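Structure record follows, encoded as structure tokens.
Note that the coordinates shown come from a computational prediction; the quantities given were computed from them, not determined experimentally. The first residue in the sequence is number 1, and the count goes up from there.
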Amino acid sequence: MNDFQATETSLEQGNRYLGEEKISRLMLKFSVPCVLSLVVSALYNIIDQIFIGNSELGTLGNGATGVVFPLFVIAQAFAWWFGDGCAAYLNICQGEKSSQNAHRAIGTGIVLTLAASLVLIAVFFPLKYPLLTLFGARENNMELAVQYCDIILAFFPVMMLMNMLSSVVRADGSPGWAMASMLAGAAVNIVLDAVFILVLKWGMAGAAWATVIGQITSLAVSVFYLWRKTKTFKLGLKSFVPDFKEFSGAAKLGISSFITQATIVIVATVGNNALAQYGEQSVYGAYSPIAIMGVENKVYALVINLVVGICLGCQPIISYNVGAKNTKRVKKLYLSILLCTLIIGVVATLVFEIFPTQVAGLFGEPSGEGVDPVTYWQFAEKTFRIYLMLVIFTLFVKMTSIFFMAAGKPVFATVVSLIRDLICLIPLICVLPIYLGVEGVLWAAPVADGVSAVVTVILTVIWFKSLDK
């Protein structure tokens, strides 16, 4: 028996329980570590922002991280495209019992992730000033943004590989390792944030160095796993010779993750510029709305990651049962994940509606030139209560998009990914402020959430009927 035959036998024995074990037990085993991993991943940015907001950098510092955030999301879009695609491809192959060549897709994904990171560095470094201006940076916070941006950009290969490999490790049946990777990095990030920002007074550079050192720690844990602990595939030198034919299946499955992240960048760009333009014409000024939206984006990402973590954690279960044609289990999985999503949505809505200023207050008091404390808190309250009014619909749409991806339905996943942000939210952000001023940016979100939820329900019903056939 050769190595690949041995791996195949181990695969069949080790993953058969995905089609037989009780769904609730599988969800606990796979989703809890994944949720913790992604929550910790979201905390990378939140921790920086909390320390920055409570230091002498204040509101302008928080605004600076907000305008750098789209660059981070672009890089993450490529990492999640390759990582989530390879993960779904591996699990579907497991269900079909045909995963002997999955290692080639994963190796190709790793190579492409590294190549993409180098291309992004080559493009972003010389264009950082116009890009940061495009994302909403202004004279008061431009240099702070550049200090943070330079260090984050230089370590794009680390950050992108960290995110890509985390998806693969989970798909290999080791969500605990993926969680350990993220927890180790977050712990390092928290400690170094306190030291670099509050003790050594390194400012924005300190926040950036704390982040990248945490990312290096996370990557090291994942690399060790691939070297010593993989269960269902083995990487060798041949795995890293690009095999685009084998990788094409993974690329199709991961494209919705890329589109989802890419639309976040477009929304942030259009939104920040609308906030700056119409904010200058309002009592809030240009800086407070951008800083508050930066805070909202980080909190929003944390809530989204709770649901995304459940869905991605269940991805091996979904993909395996789709590959094995266990239709009843696939339907039951969808309804179980939907129930968890609705519970998270209700709790999040109550928190944002009842405690908006308390949530925003975690990121420090308003300070800096051009920032009025009274109007700052007024806009913070409106942002959380209006912009996140229908966050439960947003979570439903995101959850369904990931489920479609794991089920091998990239077209459905892509449509659901596009409908909320690209088709609805961006045009509304451009139009509503003309009539409602800067608050029109806030009202754009609940309108987009409602429309996208209706479309998602229709596509889900169509898909359920196709399963019956």
Side-chain angles (χ1 to χ4, degrees), residues 31-32 34-54 59 62 65-66 69 182 186 190 260 264 267-268 271 275 284 288-313 337-366 373-400 402 420-421 425 439 441-450 452-453 456:
S31 289
V32 170
C34 187
V35 167
L36 291 175
S37 298
L38 291 183
V39 167
V40 170
S41 178
L43 287 175
Y44 270 108
N45 289 298
I46 289 177
I47 291 166
D48 280 350
Q49 199 139 11
I50 289 175
F51 276 100
I52 289 170
N54 287 282
T59 304
N62 272 340
T65 62
F69 186 63
M182 290 298 179
I190 292 171
T260 298
I264 291 174
V267 169
L275 290 170
Y284 306 111
S288 290
I290 292 177
I292 292 165
M293 191 57 72
V295 167
E296 179 277 331
N297 284 337
K298 305 300 169 57
V299 176
Y300 170 75
L302 181 61
V303 175
I304 286 287
N305 277 4
L306 291 173
V307 171
V308 171
I310 294 172
C311 297
L312 290 182
I337 297 171
L338 176 60
L339 177 61
C340 296
T341 299
L342 295 178
I343 292 171
I344 293 170
V346 169
V347 173
T349 302
L350 291 174
V351 171
F352 297 147
E353 293 298 321
I354 299 172
F355 307 108
T357 54
Q358 288 85 344
V359 174
L362 294 173
F363 296 83
E365 296 290 325
V374 174
T375 57
Y376 177 93
W377 292 119
Q378 290 174 351
F379 196 80
E381 181 177 339
K382 289 183 178 181
T383 297
F384 280 90
R385 284 184 172 165
I386 298 174
Y387 198 84
L388 298 177
M389 179 188 301
L390 296 181
V391 69
I392 190 170
F393 287 178
T394 314
L395 299 177
F396 163 63
V397 171
K398 299 293 183 186
M399 164 235 146
T400 304
I402 296 171
R420 191 255 182 190
D421 292 334
L425 183 58
E439 292 175 7
V441 178
L442 307 182
W443 283 105
V447 176
D449 290 335
S452 60
T456 302

Indicate the atoms forming the closest heavy-atom contact of G361 with W377, along with that distance. CA-CH2, 3.7 Å
Nearest 0.5 Å, what's the CG-OG1 distance between L425 and T394? 9.0 Å
Side chains of T400 and F396, heavy atoms from C-beta outward: is any pair under 4.5 Å? yes
Positive for salt bridge (charged side-chain N to carboxylate O under 4.0 Å, His left out) with K382, one of E439, E353, E296: E439
Here the gap from T349 atom OG1 to I354 atom CD1, rounded to the nearest 0.5 Å, amounts to 10.0 Å
Looking at side-chain heavy atoms only, is the closest gap between R420 and F393 below 4.5 Å? no
Quick one: does I310's side chain get under 4.5 Å of T341's, heavy atoms only? no
Are any side-chain N or O atoms of S452 and backbone N or O atoms of D449, one a donor and one an acceptor, separated by less than 3.5 Å? yes
Quick check for you: to the nearest 0.5 Å, what is the distance between L338 atom CG and C311 atom SG? 9.5 Å
Quick one: does L442's side chain get under 4.5 Å of M293's, heavy atoms only? yes
For the CD atom of E381 and the CD1 atom of I292, what is their distance to the nearest 0.5 Å? 11.0 Å
Using every non-hydrogen atom in the two residues, find where P446 and L390 come nearest and quote the distance to one decimal. O-CD1, 3.3 Å
Report yes if the side chains of F379 and T375 come closer than 4.5 Å at any heavy-atom pair, otherwise no. no
Option among V347, I386, L388 that satisfies the side chain to side chain contact (heavy atoms under 4.5 Å, CB included) test with F352: L388
Taken to the nearest 0.5 Å, the spacing of K298 NZ from F69 CZ works out to 6.0 Å
Is a side-chain N or O of S288 found less than 3.5 angstrom from the main chain of Y376, in a donor-acceptor match? no
Which atom names give the shortest non-hydrogen contact between A360 and A380, and what distance separates them? CB-CB, 4.0 Å
Using the side chain to side chain contact (heavy atoms under 4.5 Å, CB included) rule, pick out the option among I344, V308, V39 that qualifies with V303. I344
Let's go through L275 and Y284 carefully: what are the C-alpha distance in whole Å and the side-chain angles of both, what is the deciding distance for side chain to side chain contact (heavy atoms under 4.5 Å, CB included) to 0.1 Å, and is it a yes or a no? CA-CA 10 Å; L275 290 170; Y284 306 111; over 6 Å; no
